[in-house]
Each structure stands twice: as structure tokens, then as C-alpha cells.
Amino acid sequence: MKEITRQVPAAAGLGSGLAKVPESTEVDLDLRLESVVEGVYVSGTVRVDVAAECARCLEPVAWEQTADIEELFVYPPQDAHGHVTAEVDDEDDDAPPSIEGDLIDLEATVRDAVVLTLPIAPTCREDCSGLCTMCGARLDDDPGHSHETTDPRWAALGALLDEEKDD
Ligand SMILES: [Zn+2]
Ligand SMILES: [Zn+2]
């Protein structure tokens, strides 16, 4: 068993929807690598900086996100002499990831773990009021915000009153 910590730059396109991990920002990995019969079992945590937009008012929101990692990386099939006997099929999503030579590629594992923890609709605060549907103003910045409007159903009545006045 080995414990490792690593700081690596975030890969491009990490995140989902309105919440993203900016490319090249620091990703902290705090991992345990355990040798098991089938390969190496990797567990631990990943920490990233998330930059998002509030789904209601579009204000930028940023926070630190941690996600748990648990993944078994298997040895590729080998013959009795230790020669790899079959190419690993990367297209098969159900197959466990494999160890390539002496390397474990954590990118897909980190990506999956981080994306799973990100909110689909991040908000700047729990009770964000969002934007005015009339003018797009941010309602939390202007609590008394309203517009003088006439309900279209009353418009005809208003016209009648105007006619009466003219008479
Ligand atoms: Zn908001
Ligand atoms: Zn408005």
C-alpha cells in the first residue's frame, strides 16, 4: 500500500453545465494505492476549484469541491511469461480501467468523480430571487423592484373609460 499526494493542472473541459473547473487550475489528489490480486485499487479524494454561474441570476459563484475516488485498475491479460496477451479495449465502457505499463491514468476517474458532485443548477445563495422577467435586473440587488404595468385584460376597459371621458 502506498499513499501519495499530487498537485496536477486541471484538464480541459472538466465540469458540466454551469459549473466548471477552469483549465490548468490546481487539482489536489490525496490517494491510497493498494496492490490487490487483479491490479491496483485506488481510493482517496480529489479537490478542485469550481467556477460557476448562478442558474437563477447568472452571477459568478466559486467554491472548493472535494470528491471521493474509488477505482480498481486491473492488470492487462498476460501469459505465463508476463507478456500482455490482449490489447485493452478502451471503447468498452463497462470494462474496468487497466494499468498501462507501469502507469495508471486517473484522468477519466477524476473527471467522473468531480462531475458527479457538481450541482446541475448552482445558485449564488439558496434563496436567490433570480432575474426580473420584464427587464432582466437582478432582484436581490433591488428588493422593491417592480414595473408599472396594465394587465392586457384591462386594456379594453381602459380604452372604454377614455372614450367616456371624451364624451
Ligand atoms: Zn443568484
Ligand atoms: Zn424589472
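Count residues from 1 along the sequence. Counting starts at 1 for both ligands and their atoms, following the listed order.
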CG/Leu116: more than 12 non-hydrogen atoms of other groups inside 6.0 Å: yes
CD (Glu70) with more than 12 external heavy atoms under 6.0 Å: no
Distance criterion under 2.8 Å: protein N/O/S atoms around the Zn ion (ligand 2): 4
Contact list for residues 110-148, test ring-ring contact (aromatic ring centres under 6.0 Å, His included), sequence neighbours left out: His145-His147
Ser129 and Asp140: side chain donor to acceptor below 3.5 Å: yes
No-hydrogen, no-angle side-chain donor-acceptor test under 3.5 Å, Glu71 and Thr109: yes
Donor-acceptor under 3.5 Å (Arg56 side chain, Asp127 main chain): no
Closest heavy-atom pair and its distance - Pro96, Val74: CG-CG1, 3.9 Å
ILVMFWY clustering at 4.5 Å (side-chain atoms), partners of Leu103: none
Ion pair Arg32/Asp30, N-O distance below 4.0 Å: no
Atoms of the protein (N/O/S only) found under 2.8 Å from the Zn ion (ligand 1): Cys54 SG, Cys57 SG, Cys124 SG, Cys128 SG
